[in-house]
Amino acid sequence: MLASGMKNITTLVQVRPRDHHYYRQLPIFGCCLDDFVPWAFGRGYTIHTVYLQLDAVRHLSAWFRRKGRRSIAELTADDLAEAHHCFAHRRDPRYAHGLHGFTTFLQAQGFLKPGRPEPLTRSEQEAARFLEYLLKDRGAAKSTRDSFHRHVLHFLKFLGFDHHPRALKTLTLATVHRYL
């Protein structure tokens with residue numbers, strides 16, 4: 001225990017008293033588990049949840065080793081998303097929740113390289129074109145463009161623009177009135 005007046009911090013040894021040394025030696029993730037445990041408790045996770053998260057990390061470590069990864073520095077956010085998807089849908093869904101908490105920790109601590117950016121949807125592309133028009137041709141202020149951006153995206157979603165290529169070509173005044 002810590003001296004009075006200091007905060008009691010739960011550690012890896014307290015969560016996994018018999019096999020904490022094994023977890024510290026896990027390939028890829030063992031080096032950061034001593035930091036993960038207090039972080040998880042600071043986020044309100046229970047001791048049982050952290051115990052299960054550590055078990056998920058053990059499986060994650062083995063999964064990445066089979067894929068040829070040797071260190072955290074090699075991993076991206078996309079790699080962890082793929083692992084989460086794999087565990088949630090194909091392997092063991094129990095571990096998917098634990099992996100989510102651990103992934104959040106890795107991102108918060110800056111261990112992961114950013115993943116590939118998501119491509120813009122058709123709605124986002126159309127809204128970007130409209131914002132470009134507002135800026136170049138109309139000289140609209142940033143606050144005006146931001147406001148219109150939200151409204152345009154909402155309207156395009158209402159039309160189903162991402163799923164129906166001809167949504168704007170078949171637009172009628174009655175549809176606009178229904179939206180309003």
Side-chain angles (χ1 to χ4, degrees), residues 1-125 127-128 146 149-151 153-154 156-158 160-163:
M1 282 290 159
L2 299 173
S4 62
M6 294 184 78
K7 202 175 191 181
N8 184 9
I9 298 176
T10 306
T11 64
L12 180 60
V13 175
Q14 292 168 309
V15 176
R16 303 295 304 218
R18 292 187 181 160
D19 54 1
H20 64 278
H21 58 281
Y22 169 78
Y23 279 87
R24 284 185 177 138
Q25 295 173 0
L26 274 177
I28 304 173
F29 301 115
C31 62
C32 63
L33 294 180
D34 280 318
D35 295 330
F36 169 67
V37 172
W39 178 90
F41 282 106
R43 299 299 177 279
Y45 291 116
T46 65
I47 195 162
H48 180 70
T49 301
V50 174
Y51 184 91
L52 294 174
Q53 287 173 328
L54 290 170
D55 197 34
V57 170
R58 179 175 56 88
H59 288 279
L60 183 66
S61 176
W63 190 77
F64 276 124
R65 294 279 295 184
R66 284 190 299 277
K67 292 196 164 284
R69 302 292 168 62
R70 300 291 179 245
S71 71
I72 291 179
E74 297 176 21
L75 300 177
T76 67
D78 291 339
D79 293 330
L80 270 290
E82 177 190 354
H84 184 270
H85 179 77
C86 179
F87 278 88
H89 298 289
R90 289 182 236 144
R91 293 178 81 68
D92 197 336
R94 294 178 298 175
Y95 299 124
H97 180 70
L99 295 180
H100 176 73
F102 188 66
T103 300
T104 304
F105 163 76
L106 292 174
Q107 289 173 330
Q109 300 299 314
F111 284 114
L112 294 179
K113 293 184 271 185
R116 293 176 301 280
E118 293 282 324
L120 294 177
T121 64
R122 289 185 66 232
S123 295
E124 292 167 336
Q125 291 171 0
D146 290 345
H149 185 248
R150 287 189 303 276
H151 292 298
L153 285 175
H154 190 263
L156 292 174
K157 182 178 179 181
F158 168 78
F161 185 74
D162 289 329
H163 306 290

- Message: For W39, run the ring-ring contact (aromatic ring centres under 6.0 Å, His included) check against F111, F102, F105 and tell me which one passes.
- Response: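 For W39, the ring-ring contact (aromatic ring centres under 6.0 Å, His included) check succeeds only for F105.
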Distance check, rounded to the nearest 0.5 Å: [X] atom [atom1] versus [Y] atom [atom2]?
X	Y	atom1	atom2	value
F64	R66	CZ	CZ	11.0 Å
L33	R58	CG	CZ	12.0 Å
L153	D162	CG	CG	9.0 Å
D35	L106	CG	CG	11.0 Å
Q53	L60	CD	CG	12.0 Å
E82	L75	CD	CG	10.5 Å

Look at the side chain of [X] and the backbone N and O of [Y], then say whether any donor-acceptor pair between them is shorter than 3.5 Å.
X	Y	result
Q25	Y22	no
H59	A56	no
Q107	T104	no
T49	Y45	no

Is the number of heavy atoms from other residues, nucleotides or ligands under 6.0 Å of [X] [atom1] greater than 12?
X	atom1	answer
Y51	OH	no
R18	CZ	no
H149	NE2	yes

Shortest non-hydrogen separation from [X] to [Y] and the atoms involved:
X	Y	result
A127	L156	N-CD1, 4.5 Å
A83	L99	O-CD1, 4.3 Å
I72	I28	CG1-O, 3.2 Å
P27	S61	O-OG, 2.6 Å
L54	Y23	O-CE2, 3.2 Å
R24	L12	CG-CD2, 3.6 Å

- Task: Test R70 against R65 for side chain to side chain contact (heavy atoms under 4.5 Å, CB included), laying out the working first.
- Result: CA-CA 6 Å; R70 300 291 179 245; R65 294 279 295 184; 3.4 Å; yes
- With ring centroids as reference points, do F36 and F29 lie under 6.0 angstrom apart?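 Ring centres of F29 and F36 not closer than 6.0 Å.
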- Query: Hey, are D79 and R69 close enough for a salt bridge, meaning a charged N less than 4.0 Å from a carboxylate O?
  - Reply: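 Here D79 pairs with R69 in a salt bridge, since their nearest N and O are under 4.0 Å apart.
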- Message: Evaluate D19 against R16 for side chain to side chain contact (heavy atoms under 4.5 Å, CB included), listing each step before the verdict.
- Response: CA-CA 6 Å; D19 54 1; R16 303 295 304 218; 2.9 Å; yes
- Sub-4.5 Å side-chain heavy-atom contact between T121 and F161: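 No - every pair of side-chain heavy atoms lies 4.5 Å or more apart.
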